[in-house]
Number of protein chains: 2
Amino acid sequence: MALPSTDTSRHDNTLAVIRTLRDQGPVARVDLGALNGISSATVTSISAELLQQGLITERPPEIPRPSGRGRPKTLVELNPQAACVVCIKLSINEIQLVVGDFSGQVRHSEHHAVPTLTLSADDLEALLEEKISAICAQQLKGFQRLAGICLAVQGVVSSQSGTIIWSPALSFRNAPISARIAERFHCSVLLENDANCIASVLAAQPAYADCPNLVVIMLGYGIGMSVLINGVPYLGANGSAAEFGHSKYQPDGALCACGRRGCIEAYASDYALYRAAADHLNLPSGDSAHPSEQQMQALTQLALNGDPAAQRIYAEAGRALGIGIANVLALFNPDLVLITGSGVRGFDAMQATMHHAIDEALVTELRGSTRIESCAWDRDMTCMGGIAMALHATDAQTLSESQASAVS
Amino acid sequence: MALPSTDTSRHDNTLAVIRTLRDQGPVARVDLGALNGISSATVTSISAELLQQGLITERPPEIPRPSGRGRPKTLVELNPQAACVVCIKLSINEIQLVVGDFSGQVRHSEHHAVPTLTLSADDLEALLEEKISAICAQQLKGFQRLAGICLAVQGVVSSQSGTIIWSPALSFRNAPISARIAERFHCSVLLENDANCIASVLAAQPAYADCPNLVVIMLGYGIGMSVLINGVPYLGANGSAAEFGHSKYQPDGALCACGRRGCIEAYASDYALYRAAADHLNLPSGDSAHPSEQQMQALTQLALNGDPAAQRIYAEAGRALGIGIANVLALFNPDLVLITGSGVRGFDAMQATMHHAIDEALVTELRGSTRIESCAWDRDMTCMGGIAMALHATDAQTLSESQASAVS
DNA sequence: GTATTTATTTTAAGGGTTAAAGTAAATCAA
DNA sequence: TTGATTTACTTTAACCCTTAAAATAAATAC
């Protein structure tokens, strides 16, 4: 006669099992219990339910049996077809679409050149609808449902309201994009800052497993940052937290793309480096306000080959970066600062002055034990993170929908 | 045959009831249910248990009955005698001891002048033992137990390890103080940064209830900060997060007490203001490296009365503060920045340049909707916060001990 | 083939919550 | 005064969830 349903333990335990399987791949019931602090009786019960719902499958026993006495483990694993998610990365003049399955694997990826800066808000919406529709038609055969869509956007976004507040890739502002896409595709839409996606991927790597408080700095055309606190992205009041690129190096210093002066980005971003170099050096021509990868590589090479003017420019960028990181250490005291993004190509030319600036700026007590490391850049990382975040965000819904359809 | 005890819901609900009573004062069982999302049947069960354990009492009905039909509410309230906590604030050359009861009310407060800078670690330990023993003997009659002790310390502390890493009040470092006090008084000892205590008190005020992400800046002899994220103090990897005072205004700028250059503290703290003024102005004599309240008031008065040199000094301090706050806004994007501490006496003389610097530093998208306000300073706030935090930290233990003694 | 080992499932109990029913204690209305 | 009404609290009887223990399953070791 009672309908409690307030008890969350079964729900929580079920989500924990799903996420363990996603992180670890196939796992036996005993081990699922041990990893999540629940009894194997409960795991039996939960996995029976998930099997019936089609969210997991039992993996057939290996042909060469693993050594050891006793009854062999029966591994269960996520059913990759149970759901899929789409992640769209929006950057300057390019979008990338990636499809991921329920187990988190990337199934498909495509890039499109798009003149993003010329689009209106309606154009963008129409474009996204078209591209997502196409990918749904071509790539989503066999999946039981589209669980969600993640929009990974450079710039300031409000995840909560699903609004792009400002992006360097777009010439309009305050676009409530999530709601429209959600309505069109009948699934939840997660709007994320691109740096948060990358930080989520990096934080999942075993090398950084012991860093609950992780700062990721992304060098590139602009400079982005993500702060994970206990493993979750810190968003702040409007989602405009972690704007490292616009924290200050020199009040009244160099002009930044944001229109103000003295931002770290105005010294250490691609456009700032190229701007500083354009007057003094003989570099490949082109749009010097939006240097290409080729142009940046040429400039980096000059510095690494010992050209004094190029070295001076990178040294000053390193100093700016160092002061900025010193402020981050003083304010966040993270376990680890990771520097990545396409701009890491020039990290070796900035590293010395960066470390020097940090050591000059902070006494050892405040410098703390924070590791500061660079990290190779992979342009696919953003969407991998977006897929992981979208799956995580939609697990509860996928679960409840599977329960509903299993009952009927 | 089973001893589950893993189910945490009863425990969580019981703590929620205790904390609701502490925050709200006497509350009826129905309202406890509504406030915490549990049924009143459960509240009946929980409060029966707490009554039996002596942690709460039923308040006798009011003589002039509250209007309204129906059976009147029976209010329950915390039994103030159920436990008490002691908070000790350690600042430069002064300690304050405060006793709080289980309901969170301050029962006793005392100040002692102590030459803290001349103490060794052992001296400090002996001194604290002596003062705590004395207060226990005199003030703890009638309390069922001493639940915990809170040490509120200016400087960098590691709450986790109970170690004072560095404090401007002490001439030694890395003192593992918590463990020894805990052993001596057989209760848990919470080591907290003083700014976190103050932030906790402020965050509990109704005016700031809608600010889950709150930054509190404390101006005084030095400059401290606390960052509450979703209402809990952010500590960072070693507890040295939120060191706003040592974030940078000008690389290679003014000399700071920490030994480095260009820190915000080197411009806007009491010692920095007095140092800048000492050469130009006719001020009360004394130790200009440790200006007294009287000296600071004289200096502030000069600025507020229009003395150009004093005004220039406060204007520059405001600019430094503004750049520092701009960085805090860019990195944390909080809902509210509160400026308090004894140094708010000079806030009016800094405010204009501070706001100007913030507006110059950040575009509106990054400036966000963060409110920036000052807040009157009360030297007792630290210990009030320490008491609240100590009670919060020890509630679970108080509960389990009461259960154990109620069974026997 | 039997003992041993390990994994999974079943069973029985226990803790927790709640809807509903029951009880208590007030006001309102005649 | 008395009964209807209203609101608060308590008791009861489910129901959910978890787990220890027992049972079962499926391998290896001897």
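Below, chains carry the letters A, B, ... as their sequence lines are ordered, and counting in each starts from 1.
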- Query: Can R19(A) and L391(A) be said to form a side-chain contact (heavy atoms from CB on, under 4.5 Å), step by step?
  - Reply: CA-CA 9 Å; R19(A) 287 169 182 166; L391(A) 286 168; over 6 Å; no

- Query: Do other residues, nucleotides or ligands put more than 12 heavy atoms under 6.0 Å from the CD atom of Q160(A)?
  - Reply: no

- Query: Roughly how many Å is it from CD in E58(A) to P in dA26(D), rounded to a whole number?
  - Reply: 11 Å

- Task: Answer yes or no: does a side-chain N or O of S9(A) lie under 4.0 Å from OP1 or OP2 of dC17(D)?
- Result: no

- Mapping G68(A) and S39(A) to their closest nucleotides on DNA chain D, which lands nearer the 5' end? S39(A)

- Query: Which nucleotide sits closest to the side chain of I38(B): dT18(C), dC9(D), dA26(C)?
  - Reply: dT18(C)

- Task: Tell me whether the OP1 or OP2 atom of dT18(C) has a side-chain N or O from T42(B) closer than 4.0 Å.
- Result: yes

- Item | Residues from residues 19-29 of chain A lying under 4.0 Å of DNA chain D - heavy atoms | none

- Query: If you look at every strand shown and take non-hydrogen atoms under 4.0 Å, does T74(B) touch a base, only sugar-phosphate, or nothing?
  - Reply: sugar-phosphate

- Of the nucleotides dT19(D), dT8(C), dT5(D), which one has an atom closest to the side chain of R69(B)? dT5(D)

- Message: Could you work out, with side-chain contact (heavy atoms from CB on, under 4.5 Å) as the rule, every residue matching E58(B), not counting sequence neighbours?
- Response: R29(B), L51(B), T74(B), V76(B)

- Item | Nearest listed nucleotide, side chain of V30(B), among dT19(D), dA8(D), dA27(D) | dA8(D)

- Query: Distance check: side-chain N/O of N13(B) vs OP1/OP2 of dT17(C), anything under 4.0 Å?
  - Reply: yes

- Query: Hey, which of these two, A41(B) or R71(A), hits DNA chain D nearer its 5' end, going by closest nucleotide?
  - Reply: A41(B)

- Message: With a sphere of 6.0 Å drawn around NE2 of H108(B), does it hold more than 12 non-hydrogen atoms of other residues, nucleotides or ligands?
- Response: yes

- Closest contact, heavy atoms only, L78(A) versus F102(A): CD1-O, 3.6 Å

- Query: Roughly, in whole Å, what's the span from CD1 in I46(B) to C1' in dG16(C)?
  - Reply: 10 Å

